[in-house]
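Here the structure comes first, spelled out in structure tokens, and everything after it is commentary.
By convention in this document, chain letters (A, B, ...) are assigned in the order of the sequence lines, proteins followed by strands, and residues within each chain are numbered from 1. Side chains included, hydrogens not; waters and symmetry mates left out as well; all remaining heavy atoms used.
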Amino acid sequence: MEEPTVRHHVHRPPHGAAAVAGPRYDVPHGYRDNQVTLLVRDPQCVYAFWDVTGVSRTTSSLVLRVYDLTNRDHERWDGARYADFVVSGTTSWYVHTETPGLVLGAAIGVRQRSEFVPLARSNVVATPPGRISDETDAEWMSVEQLYRSLAHLPVGSSSAALAAPLE
Amino acid sequence: MIEPEGYVAIVLHAHLPFVRHPEYPTFLEEDWLFEAITECYIPLLTVFEGLVRDNVPWRLTMSMTPTLTAMLADPLLQDRYVRHLEGLIELAHREIHRTAHQPAFNRLARMYLERFRLAHRKFTYEYERDLLGAFRRFQDGGQIEFMASAASHAYLPLLAPNDRAIRAHIDIGMEAHRRVFGRRPAGFWLPECGYSPALDPWLERAGVRYFIAEAHGLLHARPRPSYAVFAPVQCPHSGIAAFARDLETSTQVWSATEGYPGDFDYRDFYRDIGYDLEYDYVQPWLKGGVRSHVGIKYYRITGNTANKDVYDPDRAREKAALHAGHFVFNREKQINYLRAHMDRPPIVVAPYDAELFGHWWYEGPQWLDFFIRKAAFDQRTFRLVTPSDYLDMFPRNQTAQPSMSSWGYKGYSEVWLNGANDWIYRHLHKAAERMNELADAHPDPAALDEATRRALNQAARELLLAQSSDWAFIMKTGTMVEYAVQRTKDHLGRFSRLYEDVRRGAVDERWLEEVERRDNIFQWLDYRVFARRPTDENDRVAISAAKHHG
């Protein structure tokens with residue numbers, strides 16, 4: 001069936017994009033920095049990107065250490081649970097977590113002998129809960145029927161989601 | 001007046017990315033704006049004017065993004081639009097001649113001629129090119145409540161952890177709104193409904209009263225909202241009200257399979273003479289000689305077939321009326337059901353992209369017209385309101401922390417953060433950091449020479465334009481990718497050059513002038529919107545509390 005469409009520029013007919021006059025810019029490979037940043041993608045995934053200097057890109061010992069800071073002081077990373085990812089040769093990583101609703105931080109570093117030497121520490125992020133809260137409010141009793149009536153509707157059933165089958 | 005059982009808020013979100021290329025005589029992507037003016041904005045204004053003329057009581061909420069309002073106010077684009085329209089009028093004349101012996105087509109060619117002439121007459125003489133003024137009349141008349149939106153349609157959750165970038169997009173959006181609409185807005189449209197708790201302190205500081213989240217933003221709030229998505233909640237730290245989008249109303253209009261716009265009687269968007277007719281015939285109307293939509297379409301959707309029937313506007317109009325009646329009936333049913341389970345009247349919030357109405361769904365403005373009239377005269381179950389109206393009636397709401405969410409595919413940030421576009425973030429974040437650094441290094445603009453001051457303001461513009469979420473969106477969806485990639489690189493490249501030039505104290509004024517001429521959005525912008533403020537330290541504490549609340 002021919003679908004009516006959803007987002008203004010999703011279904012533009014493909015054609016060669018016009019060239020832009022003037023110099024064409026490009027982006028650098030990196031910024032000669034030591035830094036790592038976390039961005040939340042969804043309840044079970046955060047994206048980490050980093051820049052490191054003085055470490056060969058191909059070194060086999062580049063490690064991204066992701067800390068679980070849920071229910072702790074977010075400034076105190078020592079003693080927090082963590083997972084290591086060997087990320088040699090890359091500058092970004094999608095970190096998938098089994099559990100949603102976590103508070104996470106990450107460090108980029110190298111492993112020297114069995115020791116992890118951090119080069120930079122990231123911002124702290126919180127992943128969304130991804131489900132209906134068990135917490136109820138004594139003052140505002142939840143109307144269960146309303147939730148039941150919504151049960152058949154998928155989360156994120158949104159404009160772009162509805163466009164997706166058309167792609 | 002008898003109190004209704006509940007309320008419905010229709011929200012139209014109008015947005016187009018900033019596309020303006022004075023360096024070319026014509027530019028294909030500028031057609032996005034021209035098509036939207038002819039097919040959406042003028043038809044919507046015409047509907048609104050009819051409602052006022054006929055004394056129909058109505059309330060509607062709209063947002064028009066700062067990039068769109070900047071383009072609508074731009075004299076170069078206004079000139080180009082008039083020329084574009086004159087071209088279409090000429091094409092319609094040719095079509096009338098060409099179809100002289102095909103009555104069904106000829107009738108449609110005449111319809112298009114009439115439409116284009118009407119658009120031309122209204123745009124040039126009635127509105128005197130000032131579409132923003134035309135929309136503003138409905139604000140001043142008390143029918144439309146306009147919401148502000150982020151400066152350049154940035155997807156705000158992915159600006160974190162750079163709080164100053166978030167703050168700048170919100171503050172500039174509020175200022176742009178004030179300049180266009182002359183008022184402080186109550187509502188703030190979050191681009192793509194992209195919300196995260198980290199936005200709260202900045203929305204609060206900007207004086208925002210409410211925003212609209214995707215349904216699960218509220219369904220997953222903590223604690224669980226009593227009324228699910230049918231009443232707003234108040235964010236714990238900021239007290240800002242969060243309304244949620246109702247999924248049922250969305251699906252009825254948006255859904256490709258179940259939604260109204262897919263009806264077989266409606267006009268088929270894809271069968272356009274820009275593709276269907278001989279190349280030599282349509283070539284003068286194709287920008288850059290590339291086949292594309294020109295806006296004359298003769299077929300109805302017909303069904304799952306390549307053999308399309310000719311479009312019949314009367315039949316389509318009947319269908320739009322039928323669908324409007326169906327929508328009213330379903331809202332009555334929905335609200336009666338909700339009212340039976342709630343101890344206060346529910347609100348059903350139904351936001352849509354404004355460009356759906358008329359562009360993708362040709363009959364959309366007619367449908368809206370019928371819906372508003374039927375809602376006003378044919379039923380008493382619900383009343384049309386804006387979110388502010390609802391908050392005035394029900395100022396006390398449950399406190400709950402909404403969840404991060406968006407209306408993008410899968411409901412979070414994946415559309416704007418995936419393998420097709422994730423490379424942009426390291427550069428966008430670096431540029432945002434550097435903008436903060438520039439602003440901090442030059443706290444007193446009076447102490448700067450003019451070129452440096454201009455370079456700093458232009459750097460801020462380039463950063464904002466690079467941060468438009470439209471580029472990441474286009475990269476993901478796979479059409480026009482080259483253009484989106486180049487726009488990202490160009491704005492980042494211009495930003496980097498300005499950054500280096502300012503740091504070296506060597507601004508190239510001739511080049512700067514050229515860049516200012518091209519990317520002329522927010523001419524009033526002051527780069528200090530990115531500067532550290534004395535209150536930042538206190539903010540940090542509040543933000544940290546909000547952020548780690550999921």
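Proximity to chain A is absent for every atom of B:His491, based on heavy atoms less than 4.5 angstrom apart. Contact of A:Asp42 with chain B is made through backbone and side chain together, with heavy-atom distances under 4.5 Å. Interface remark: B:Ala228 contributes backbone and side-chain atoms alike to the contact with chain A (heavy atom separation under 4.5 Å). The parts of B:Leu417 that come within reach of chain A are both its backbone and its side chain, each placing non-hydrogen atoms under 4.5 angstrom from that chain. Interface remark: B:Arg300 contributes no atoms to any contact with chain A (heavy atom separation under 4.5 Å). Proximity to chain B involves both the backbone and the side chain of A:Pro28, based on heavy atoms less than 4.5 angstrom apart. When heavy atoms are compared at a cutoff of 4.5 Å, B:Tyr425 approaches chain A by way of both its backbone and its side chain. Residue B:Ser196: no heavy atom, backbone or side chain, is found under 4.5 Å from chain A. For B:Ala221, the part lying near chain A is the backbone, with the side chain staying farther off; criterion is any non-hydrogen pair under 4.5 Å. If you measure heavy-atom distances from B:Asp343 to chain A, you find no contacts under 4.5 Å at all. Neither the backbone nor the side chain of B:Tyr352 comes within less than 4.5 Å of any heavy atom in chain A. Looking at B:Asn162, neither its backbone nor its side chain comes within 4.5 Å of chain A, counting heavy atoms on both sides.
Using a cutoff of 4.0 Å between basic side-chain nitrogens and carboxylate oxygens, B:Glu514 and B:Arg497 are not scored as salt-bridged. A salt bridge is absent between B:Arg487 and B:Asp470; no separation between the charged side-chain nitrogens and carboxylate oxygens falls under 4.0 Å. By the 4.0 Å N-to-carboxylate-O rule, A:Asp84 lies close enough to A:Arg111 to be salt-bridged with it.
B:Tyr24 and B:Phe27 have tilted rings, their planes meeting at an angle from 30° to 60° on a 0 to 90° scale. Ring pair B:Trp471/B:Tyr483 is perpendicular by interplanar angle, where above 60° counts as perpendicular and below 30° as parallel.
The most heavy-atom pairs under 4.5 Å with chain A, out of B:Pro225, B:Gly217, B:Pro157, B:Gly288, come from B:Pro225. Interface check for chain A: of the options B:Glu414, B:Gln398, B:Lys489, B:Met342, the most heavy-atom pairs under 4.5 Å are formed by B:Gln398. For the set B:Asp422, B:Leu492, B:Leu158, the entry with the most heavy-atom pairs within less than 4.5 Å of chain A is B:Asp422. Heavy-atom pairs under 4.5 Å with chain B peak, among A:Leu38, A:Val40, A:Thr37, at A:Val40. Counting heavy-atom pairs closer than 4.5 Å to chain A, the top-ranked of the candidates B:Ile424, B:Thr488, B:Asp272, B:Asn397 is B:Asn397. Interface check for chain A: of the options B:His341, B:Arg426, B:Arg267, the most heavy-atom pairs under 4.5 Å are formed by B:Arg426. Counting heavy-atom pairs closer than 4.5 Å to chain B, the top residue among A:Asn123, A:Asp137, A:Val27 is A:Val27. Counting heavy-atom pairs under 4.5 Å between each of A:Tyr47, A:Phe49, A:Tyr25, A:Trp50 and chain B puts A:Tyr25 at the top. Interface summary for chain A: among B:Thr302, B:Leu338, B:Asn418, B:Val229, the most heavy-atom pairs under 4.5 angstrom belong to B:Asn418.
Across B:Arg271 and B:Ala306, no two heavy atoms sit closer than the pair NH1-O, 3.6 Å. Closest approach of A:Ile108 and A:Phe116 over heavy atoms only: C-CZ, 4.1 Å. The shortest heavy-atom contact between B:Pro197 and B:Met404 is CD-N, 4.2 Å.
Because its NZ or CZ atom is both nearer than 6.0 Å to the ring centre of A:Tyr82 and within 45° of the ring axis, A:Arg65 counts as a cation-pi partner of that residue. Taking the ring axis of A:Tyr147 as reference, the NZ or CZ atom of B:Arg224 stays within 45° of it and closer than 6.0 Å to the ring centre.
Taking the side chain as every heavy atom from C-beta outward, B:Gln334 and B:Asp246 approach each other to under 4.5 Å.
Judged by distance alone, the side chain of A:Thr127 and the main-chain N or O of A:Gly101 form a donor-acceptor pair under 3.5 Å. At least one donor-acceptor pair under 3.5 Å links the side chain of B:His216 to the backbone N or O of B:Gly411.
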